Amino acid sequence: MNYWLVKSEPDVYSWEDLVKDKKTTWDGVRNFQARNNLKAMKKGDLAFFYYSNEGKAIVAMVEISKEAFPDPKDANWVAVEIKPKTLLKNPVSLATIKADKKLATMALVTNSRLSVQPVKPEEFDYILALSEK
DNA sequence: GCCAACGTTGGC
DNA sequence: GCCAACGTTGGC
């Protein structure tokens, strides 16, 4: 089981949209590092759903429901399918993550532009605990 | 193969 | 809305 983090701008595609759609194709990733991460995803893996620009916080958890397949819009790239898992009790903001020494090594902090990134199991658990507060 | 120019992302 | 950081492209 691996853990991930995917970014979305809430005006473009929000958690509410995902809940409404039941599942969605996570495509449009045009970055090699992010593509490699998509390819490494396994069915059943969990990922945080992060709002960039507006919100700047981890708001929910999603599940990978289909492993990497060619991006329907461009076969040189790949997409996965995700479905909603749970909405966090409280969002965990970027400011909180940056301020926490345990999370300072997350790609979200060190490589803020990467749109699909791995999360360590201990980071995943720790953030979940933070969201319960 | 280097690097300048350009485009895009995302925090502020 | 601005701009810094990063990734990609293309000329040499």
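Numbers restart at 1 for each chain; the letters A, B, ... are given by sequence-line order, proteins then strands. Quick caveat: nothing in here was measured; it's all calculated off a predicted structure.
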Student: Measure CD1/I58(A) against P/dG11(B) and give the value in whole Å, please.
Tutor: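 Those two atoms, CD1 and P, are 12 Å apart.
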Student: With the 4.5 Å side-chain cut-off for hydrophobic clustering, are V116(A) and M106(A) part of the same group?
Tutor: no
Student: dG10(B) C1' sits how many Å from L108(A) CG, rounded?
Tutor: 11 Å
Student: In whole angstrom, what separates N53(A)'s CG from dC12(B)'s C1'?
Tutor: 11 Å
Student: Salt-bridge test for D21(A) and K83(A): reply yes if a basic N is under 4.0 Å from a carboxylate O, no otherwise.
Tutor: no
Student: Report the distance from atom NZ of K7(A) to atom C1' of dG10(B), rounded to the nearest whole Å.
Tutor: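 Going from NZ in K7(A) over to C1' in dG10(B) covers 7 Å.
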Student: Apply ring-ring contact (aromatic ring centres under 6.0 Å, His included) to W15(A) and Y50(A), showing your working.
Tutor: CA-CA 9 Å; W15(A) 167 254; Y50(A) 175 83; over 10 Å; no
Student: Grab the CD-P distance between E54(A) and dG11(B) for me, whole Å please.
Tutor: 11 Å
Student: What is the distance from CD1 of I97(A) to P of dG10(B), rounded to the nearest Å?
Tutor: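 Roughly 14 Å, once rounded to whole Å.
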Student: Quick one: are L130(A) and L103(A) in side-chain contact, heavy atoms under 4.5 Å?
Tutor: yes
Student: For a quick test of reading the model, state the closest non-hydrogen atom pair linking D45(A) to A40(A) and the distance between them.
Tutor: OD2-O, 4.4 Å
Student: Reckon Y51(A) touches a base, only the sugar-phosphate, or nothing at all at heavy-atom distances under 4.0 Å?
Tutor: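 Here Y51(A) touches no strand at all.
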Student: OP1 or OP2 of dG10(B) less than 4.0 angstrom from a side-chain nitrogen or oxygen of K56(A), does that happen here?
Tutor: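 No, outside the criterion.
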Student: Please tabulate the protein-to-nucleotide N/O contacts below 3.5 Å involving nucleotides 2-8 of chain B, giving atom names and distances.
Tutor:
{"from": "dT8(B)", "atom 1": "O2", "to": "R113(A)", "atom 2": "NH2", "distance (Å)": "2.9"}

Student: Inspect the surroundings of CD in E54(A) and state if more than 12 heavy atoms from other residues, nucleotides or ligands are less than 6.0 Å away.
Tutor: no
Student: Is K43(A) salt-bridged to E67(A), going by a charged N under 4.0 Å from an acidic O?
Tutor: no
Student: Which heavy atom in V78(A) sits nearest to a heavy atom in K39(A), and how many Å separate them?
Tutor: CG1-CE, 3.9 Å
Student: Please give me every residue in residues 29-37 of chain A whose heavy atoms get under 4.0 Å of an atom in DNA chain C, ordered by residue number.
Tutor: N31(A), F32(A), Q33(A)
Student: Closer than 4.0 Å, any side-chain N/O of Y50(A) to the OP1 or OP2 of dG11(B)?
Tutor: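 Yes, because at least one side-chain N or O of Y50(A) sits under 4.0 Å from OP1 or OP2 of dG11(B).
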Student: Restricting to pairs with a member in residues 112-133 of chain A, which pass ring-ring contact (aromatic ring centres under 6.0 Å, His included), not counting sequence neighbours?
Tutor: Y3(A)-F124(A), F48(A)-F124(A)
